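See below for the structure under consideration.
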Amino acid sequence: MTYLVLKHHEAEGLGSIAQWLIKNNLNWEEVEYAQPLPQNVESYSGIIILGGPMHISPSNQRLAQELHVIAHFIEQSKPTLGICLGAQLIATSLGAEVSQMPEGENGWMPITLHTGQQLDVPQWHEQQASLPNGAELAASSLRCEVQMFRYHQHVLACQFHPEWNNQAIARLQSAFGVQCPLTQTDSKAEQTLQKWWFNQLDSWFQGAAL
């Protein structure tokens with residue numbers, strides 16, 4: 001099984017998702033933002049759409065092309081995962097709206113899960129998506145109502161960055177310098193987030209197979 005991975009910045013990679021893919025014997029093929037999209041996506045088992053600094057707008061033809069690809073995977077009931085910009089692209093493909101936030105979320109900030117549990121997660125965004133019709137809200141924060149949602153069994157979207165472990169954050173710091181709002185965390189917090197995140201990915205992957 002091979003997943004298509006859409007990247008939007010060279011410094012924003014899969015992070016801990018790569019470890020999860022390897023753990024589950026899944027392959028992936030990355031497409032950089034400057035590279036053309038595959039003409040035929042039928043051979044891919046699923047899609048992962050990562051974050052990036054750009055915003056969705058009618059003038060961005062590349063993201064418009066990605067929306068068509070994402071919609072295809074969703075319609076085919078193939079596993080579809082989106083992070084930050086990727087989550088907004090999924091929401092847009094499902095008919096939701098993306099808007100500017102009064103105040104962005106930058107750094108380690110808490111979200112509240114649908115269970116009531118609070119979790120500190122990496123954030124770096126100034127826009128947010130509304131909840132698509134038919135989607136299930138899974139997490140919120142004070143500034144951003146839709147932090148995480150599921151759509152049917154095969155779509156998972158996160159506005160925050162659960163994939164950013166300390167190694168990924170170090171890469172962001174190197175690429176963006178003082179503009180990067182994130183600092184590396186202690187190993188216990190890193191492991192806690194990764195354990196929770198891998199459980200979410202397991203549930204998503206198993207649900208998509210039903």
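Along the sequence shown, residues are numbered consecutively beginning with 1. All values derive from a computational prediction rather than experimental measurement.
- Although no hydrogens or angles enter the test, the distance criterion places no donor-acceptor pair under 3.5 Å between the side chain of H161 and the main chain of E163.
- From L201, atom CG reaches atom CG of N24 across 8.5 Å, with rounding to the nearest 0.5 Å.
- Shown here are the side chain to side chain donor-acceptor pair (under 3.5 Å) partners of S59, two or more places apart in sequence or in another chain: S57.
- Every residue meeting the side chain to side chain contact (heavy atoms under 4.5 Å, CB included) condition with S45, not counting sequence neighbours, appears here in chain and number order: M1, Y3.
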Tell me which donor-acceptor pairs under 3.5 Å the side chains of residues 94-105 have, and how far apart each pair is, sequence neighbours excluded?
residue: Q100; atom: OE1; partner: Q127; partner atom: NE2; Å: 3.3
residue: Q100; atom: NE2; partner: E126; partner atom: O; Å: 3.4
residue: E103; atom: OE2; partner: R143; partner atom: NH2; Å: 3.2
residue: E105; atom: OE1; partner: H125; partner atom: NE2; Å: 2.7
residue: E105; atom: OE1; partner: Q147; partner atom: NE2; Å: 2.7
residue: E105; atom: OE2; partner: S141; partner atom: OG; Å: 2.7
residue: E105; atom: OE2; partner: Q147; partner atom: NE2; Å: 3.4

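- A distance-only check finds a donor-acceptor pair linking the side chain of H8 to the backbone of L50 [under 3.5 Å].
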Return a table of donor-acceptor pairs under 3.5 angstrom between the side chains of residues 13-22 and protein atoms on other chains or two or more places apart.
residue: W20; atom: NE1; partner: D202; partner atom: OD1; Å: 2.8

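- Not counting sequence neighbours, the partners of E66 by the salt bridge (charged side-chain N to carboxylate O under 4.0 Å, His left out) test are R62.
- Listed by first and then second residue, the side-chain hydrogen bond (donor to acceptor under 3.5 Å, both in side chains) pairs that reach into residues 70-81 are E42-H72, sequence neighbours excluded.
- Distance check: L85 CG to I56 CD1 gives 5.5 Å after rounding to the nearest 0.5 Å.
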Which pairs would a plain distance check flag for residues 170-183, meaning a side-chain donor or acceptor within less than 3.5 Å of a matching protein atom at least two apart in sequence or in another chain?
residue: R171; atom: NH2; partner: E10; partner atom: O; Å: 2.7
residue: Q173; atom: NE2; partner: L182; partner atom: O; Å: 3.0

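- Looking at M54 and N60, their side chains come closer than 4.5 Å, going by heavy atoms from C-beta outward.
- When the ring-ring contact (aromatic ring centres under 6.0 Å, His included) test is applied to H154, no partner is found at least two apart in sequence or on another chain.
- Distance CH2/W164 to CD/Q123: 9.5 Å, rounded to 0.5 Å.
- Listed by chain and residue number, E30 satisfy the side chain to side chain donor-acceptor pair (under 3.5 Å) test with W28 (two or more places apart in sequence, or in another chain).
- For E29, the side chain to side chain donor-acceptor pair (under 3.5 Å) criterion is met by Y44, not counting sequence neighbours.
- Across all their heavy atoms, W108 and D120 have their closest contact at CZ3-O, 3.7 Å.
- Within a 6.0 Å radius of CD in E145, no more than 12 heavy atoms belonging to other residues, nucleotides or ligands are found.
- Under the side chain to side chain donor-acceptor pair (under 3.5 Å) criterion, N166 pairs with E190, not counting sequence neighbours.
- From L67, atom CG reaches atom CD1 of I90 across 10.5 Å, with rounding to the nearest 0.5 Å.
- Atom OG1 of T185 is separated from atom CD1 of I169 by 7.5 Å, given to the nearest 0.5 angstrom.
- Under the side chain to side chain contact (heavy atoms under 4.5 Å, CB included) criterion, N133 pairs with no residue, sequence neighbours left out.
- Residues Y151 and L156 have side chains not in contact (no heavy-atom distance under 4.5 Å, counting atoms from C-beta outward).
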